[in-house]
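These notes are about the structure you will find just below.
By convention in this document, chain letters (A, B, ...) are assigned in the order of the sequence lines, proteins followed by strands, and residues within each chain are numbered from 1. Reckoned from all heavy atoms, side chains included, excluding hydrogens, waters and symmetry mates.
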Amino acid sequence: MKKWAELALGVVTSMGGFLEVGSIATGVQGGASFGFQLGWALLLGTICLAILMEATGRLAAVSGRSYADLLREHMGIRFFIVPLVAVLIPSFLVLVSEIGGVAIALQMATGIAFRWWAIPIALVGWFLLWRGTFSIVEQGTAMLGLVSLVFLVAVFKMHPEWSAIGAGLVPSRPDNDKAKYWYLAVSILGASISPYLYLFYSAGALEDGWTIKYLNVNRITAGVGNLFGGGLALMVLVGSAIVFMPRNIQVDAYEQISLVLATPLGRGGFVLFLVTLFITCFGATVEITLANAYLLAQGFGWPWSENMKPAKDARFATTYTVVILLACIPIALGADPLKLTNISMVISAASLPVTVIPLLVLMNDERVMTTHSNGWLGNIALGSIAILAVALFVLAAPLYHLGGG
Amino acid sequence: MPLPTLAHLTAAANGPRAHRAWVSAVLCVTLATMGCAKKDYKSETGRTRAWTATLELARQQHGLRATNDAVTRQLLDRAIEARAKEEPLLAHYAKSDSERVAARGVLDSLQQQIRQLEQATR
């Protein structure tokens, strides 16, 4: 019974925590410019994320150790520095974007410029990390994040053509603006498969004390939770396609996005959009801050746990303190949150190979995985993601340039 | 399926300096290219028209009291900012007289929407 409750909680957490600044921004931009046509990128990103989460969750449950820890131990500190830097840079940029998302939500609600909110947001986030436990950080914010179901309600109210949405889940070539189309596809993939997501998930498995008894919980949480979460992200794209595309509206500012929900749902939709943006971005802010601290602490072998008192894991606590305070600076200085989001999603996509390829190797190492190493199906899945990751690495920057990002 | 060994993988990063220099060069080019997104006449007129359409929708929603005054004002400010930015860009990218006339029309439409929304928010 306890396990079923944990399973339900895991699925709900994955769903409530799926939307964040990147998935909202890229989904809305994709829908506004190409209607339902980029639905396939969201589907592909969701499937890839589910596979990567299942793998990192299994790695943690079987070995009792984190991905970063194993990476450093098995491949050496000099190799470890490459993925460390490649994950820290985009994760930090995504963190800045998330703080920007919260700040913009507050700006839209109050009229006070977003830059004034950056430091208070960082302080509240830090306080939550300092005083809270892992379950409060993860489950609390994700539960509140279920408010994002409002996108589903809005889409149902607009009576979309479901067959056309289904057709968008199959990749197709655009009639015009090819570079922009592929740039947005890369951005959507970058938002869906951000490395911090599966590294955080893996650390969370250890925080929750997962063992091999949790392998089914892991499989279902990663699969079903992400499926529902990806469905919600698809609703963002669909809503934008219905409201913006017929009017030829391109999205250059977060303020425009509020109209996606205000148009079908009126004042209530507008308010719920602000609440959704605030909660989902705030949830992602604390999660990414923790993910960065986990990565450094696990990689360098420091004591770490969000469930420990900060005095017991001082270097870990210092790391998240420094990370969140540094991340609020660009927003406090007035950096454009949407531009930052677009850049960080592309860099996120480009950084994938250095975490995905070593994961494929570790998942086949029987010294680590014992009898739970990857089968042929798992290898094909992870191998395909690794190929996709290399393609994204090569194409991300040229597409950003050509696609007018 | 034969998979790369740990030694193969680590060799790339722990190996000769040339490897690391190559990786650094790719990263530098990637980051440098990020700084300069493509702009042309078509994309800039599209962007200006998009702001005109945004303001039209914002005016409708403001009339229905679906959005608050703060957001309407912020959209207005963004559109004014976008128009100021697009005007010199369109002048630069418009190559023929017909393009210049069309660009003027697009900018005028946006200006008209700005005025209408300003009136609506007073």
Side-chain angles (χ1 to χ4, degrees), chain A residues 32 74-76 78-82 85-86 107-112 177 179-180 243-244 247-253 255-256 258-259 262-263 265-271 274 343 346-347 350 354 357-358 360-362 364-365 376 379-380 383 393-394 396-398 400-405, chain B residues 1-15 19-20 23 26-27 29-40 42-44 46-58 60-62 64-79 81-82 85:
Chain A
H74 284 249
M75 303 199 181
R78 290 169 76 190
F79 179 87
F80 175 70
I81 295 297
V82 179
V85 173
Q107 174 185 288
M108 286 195 269
T110 63
I112 298 169
D177 266 343
K180 187 176 185 185
V243 174
F244 287 161
R247 296 175 170 93
N248 289 319
I249 294 177
Q250 294 174 27
V251 179
D252 282 336
E255 291 89 338
Q256 290 171 286
S258 64
L259 297 171
T263 303
L265 300 176
R267 187 69 165 215
F270 171 73
V271 171
L274 298 189
I343 291 173
V346 173
I347 296 180
V354 289
I357 296 171
L360 177 61
V361 176
L362 281 176
N364 282 278
D365 191 332
W376 64 271
N379 279 334
I380 289 176
F393 172 74
V394 174
Y400 180 86
H401 173 67
L402 294 170
Chain B
M1 180 168 34
L3 285 165
T5 63
L6 293 184
H8 281 125
L9 258 177
T10 52
N14 291 332
H19 281 125
R20 290 199 298 275
V23 171
V26 170
L27 280 175
V29 170
T30 305
L31 292 172
T33 321
M34 297 278 183
C36 43
K38 189 189 165 198
K39 285 185 164 77
D40 58 21
K42 199 180 147 204
S43 69
E44 297 316 303
R47 187 159 276 147
T48 312
R49 282 200 188 97
W51 273 110
T52 308
T54 299
L55 291 198
E56 204 177 337
L57 182 59
Q60 280 171 16
Q61 297 308 319
H62 184 261
L64 295 168
R65 298 193 177 280
T67 52
N68 64 5
D69 289 345
V71 163
T72 310
R73 187 69 237 170
Q74 285 156 32
L75 282 168
L76 201 49
D77 290 344
R78 288 279 196 163
E81 204 177 286
K85 207 170 114 188

Original post:
Do you know which of B/Leu75, B/Val71, B/Leu57 makes side chain to side chain contact (heavy atoms under 4.5 Å, CB included) with A/Gln256?
Top reply: B/Leu75

Subject >> Nearest atoms (heavy-atom pairs only) where B/Trp51 meets A/Ala253 >> reply: CH2-CB, 4.1 Å

Subject >> Under 4.5 Å from any heavy atom of chain A - which part of B/Gln60 >> reply: side chain

Original post:
Does a side-chain heavy-atom distance below 4.5 Å link A/Ile249 with B/Glu56?
Top reply: no

Original post:
Is the side chain of B/Asn68 donor-acceptor paired with the backbone N or O of A/Met108 at a distance under 3.5 Å, no angle test?
Top reply: yes

Original post:
A/Ala262 and B/Ala66: which non-hydrogen atoms are nearest, and at how many Å?
Top reply: O-CB, 3.9 Å

Subject >> Contact winner vs chain B - A/Val271, A/Asp252, A/Val354, A/Asn248, heavy-atom pairs under 4.5 Å >> reply: A/Asp252

Original post:
Counting heavy atoms not belonging to A/Arg267, are there more than 12 under 6.0 Å from its CZ?
Top reply: yes

Subject >> Heavy-atom contact with chain B under 4.5 Å, split by part of A/Thr263 >> reply: both

Subject >> Gap between atom CD of A/Gln250 and atom OG1 of B/Thr48 - 0.5 Å precision >> reply: 9.0 Å

Original post:
Given a strict heavy-atom distance threshold of 4.5 Å, which part of A/Ala109 is in contact with chain B: side chain, backbone, both, or neither?
Top reply: backbone

Subject >> Any donor-acceptor pair under 3.5 Å from B/Gln74 side chain to A/Gln107 backbone >> reply: yes

